[in-house]
Undergrad: 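Once you've had a glance at the structure underneath, I'll fire off some questions.
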There are 2 protein chains.
Amino acid sequence: MTLFLSTFINKLDKKGRVSVPASFRQCVVKHSFQGIVVFGSYKLPTVEGMSFERMERLSQNVDTLDIFSEAQENLTAALFSDTHMLPFDGDGRVLLPKLLLDHAQITDTVAFVGRGATFRIWNPTLFETYQAKARQLIQDREASQNA
Amino acid sequence: MTLFLSTFINKLDKKGRVSVPASFRQCVVKHSFQGIVVFGSYKLPTVEGMSFERMERLSQNVDTLDIFSEAQENLTAALFSDTHMLPFDGDGRVLLPKLLLDHAQITDTVAFVGRGATFRIWNPTLFETYQAKARQLIQDREASQNA
DNA sequence: TTCTATATCATGGGTTTTTATGGGATTCAA
DNA sequence: TTGAATCCCATAAAAACCCATGATATAGAA
């Protein structure tokens, strides 16, 4: 399994732990770091997730920019300072940092949403709303194109 | 762990000591010098930090740069005027030199900010301001590209 | 099929270890 | 000898580790 697929709803326990869906864990186990890499989305109330390897590749792309460029400076600031490495415990759970829980307005249940090479972590209710709006936008666009 | 990631806020005690975040220490323990290498940023009110090994590589690269380039100017200032080696004490803390505390306007709390191969040490309040600006610039850039 | 043994998974909770922090004591250097 | 730096230990909170349970799925035998 190399792709993050489908949606899973899991519980957040009192200690702040949540099980990463087994199929998502499969996408990561063969890699060097046993866990996931996450950061708060800049545009949406959700948490972006991926494997450590993908994050490394992202960071290499940043490195190829001019070392003293302004763009490099800003991208580096954003990429690394807000990123968290979350190791699995023995049972495939991770501890979500409070800052990210707040950002995504997550309290007791968590939606893991596959997006191919990455995934997102949502408050399930917010995800439903977001999903509905996205569908609506697609329909509107089709309607305007056919008009 | 090869990358400095995330942001940690720690306290400066009366003796001027501060705990280096455990995950940052992991990036350094396998190297020869048990500690970090720091210098005041040339452009920002912050302290640049990295492993001793990376500092060595930086100093080797300085020679290959154009003598009159801005890069040369920056690196020379950084590398040879104001660099400190800060060894860990038994509990993973370092003693920040007064000159650097003043330069970064640090008094009682310290933000360790990951930047991949390096990190920065900020006054947490100043960092928030800087970070907000960086994010704004990224969004402006994206907006202009999509226009 | 139906029943049973096995494996996986999400979840809960107890225990141990790590971490950040404070402070006393000792060493060092000007 | 006096202030600073280093070493050592204590503590509380957080994180990591370990094991148990119930639900679900799977496989194989009757």
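Throughout, protein chains are lettered first and strands after them, A, B, ... in sequence-line order, and every chain is numbered starting at 1. In this text, all values refer to a predicted model and were calculated from it rather than measured experimentally.
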Undergrad: In whole angstroms, how far is the P atom of D/dC17 from the CZ atom of A/F88?
TA: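 Answer to the nearest Å: 13 Å.
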Undergrad: Going hydrophobic residue to hydrophobic residue with side-chain gaps under 4.5 angstrom, can you get from A/L95 over to A/F24?
TA: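 They do not share one cluster, since no chain of ILVMFWY contacts under 4.5 Å joins A/L95 to A/F24.
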Undergrad: Could you tell me how far apart A/K15 (NZ) and D/dA16 (P) are, to the nearest whole angstrom?
TA: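 After rounding, the reported distance stands at 12 Å.
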Undergrad: Run the ring-centre check on A/F112 versus A/F8 and record whether the distance is less than 6.0 Å.
TA: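 No - the distance between ring centres of A/F112 and A/F8 does not fall below the 6.0 Å cut-off.
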Undergrad: So how far is it from A/F119 CZ to A/S23 OG, rounded to the nearest 0.5 Å?
TA: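 Separation between the atoms: 10.5 Å.
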Undergrad: Scan nucleotides 27-30 of chain C against the protein and return all N/O pairs shorter than 3.5 Å with their distances rounded to 0.1 Å.
TA:
none

Undergrad: Where does the angle between the aromatic ring planes of A/W122 and A/F127 fall among parallel (under 30°), tilted (30 to 60°) and perpendicular (over 60°)?
TA: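 Because their plane-to-plane angle lies in the 30° to 60° range, the rings of A/W122 and A/F127 count as tilted.
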Undergrad: Could you tell me which non-hydrogen atom of A/T7 sits nearest to which non-hydrogen atom of A/V113, and how far apart they are?
TA: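 Shortest heavy-atom separation between A/T7 and A/V113 comes out as OG1-CG1, 3.9 Å.
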Undergrad: By nearest heavy atom, map A/D89 and B/G90 onto DNA chain D; which one lands nearer the 5' end?
TA: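 Of the two residues, B/G90 wins.
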Undergrad: Below 3.5 Å between N/O atoms, which protein atoms pair up with nucleotides 9-12 of chain C? Just atom names and distances, please.
TA:
{"from": "C/dA10", "atom 1": "OP1", "to": "A/A22", "atom 2": "N", "distance (Å)": "3.2"}
{"from": "C/dA10", "atom 1": "OP2", "to": "A/R25", "atom 2": "NH1", "distance (Å)": "3.0"}
{"from": "C/dT11", "atom 1": "OP1", "to": "A/K11", "atom 2": "N", "distance (Å)": "3.2"}
{"from": "C/dT11", "atom 1": "OP2", "to": "A/K11", "atom 2": "N", "distance (Å)": "3.2"}
{"from": "C/dG12", "atom 1": "N7", "to": "A/R93", "atom 2": "NH1", "distance (Å)": "2.8"}
{"from": "C/dG12", "atom 1": "O6", "to": "A/R93", "atom 2": "NH2", "distance (Å)": "2.8"}

Undergrad: Before giving the answer on side-chain contact (heavy atoms from CB on, under 4.5 Å), spell out for B/V28 and B/V20 the whole-Å C-alpha distance, their side-chain angles and the decisive distance to 0.1 Å.
TA: CA-CA 11 Å; B/V28 179; B/V20 176; over 6 Å; no
Undergrad: Side-chain contact test, heavy atoms from C-beta onward, threshold under 4.5 Å: evaluate it for B/F33 versus B/E56 and give yes or no.
TA: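 Not in contact.
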Undergrad: Whole Å only: how far is the CG atom of A/L95 from the C1' atom of D/dA16?
TA: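 Distance check: A/L95 CG to D/dA16 C1' gives 9 Å.
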Undergrad: Charged N to carboxylate O below 4.0 Å: is that the case for B/R135 and A/D82?
TA: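 So B/R135 pairs with A/D82 through a salt bridge.
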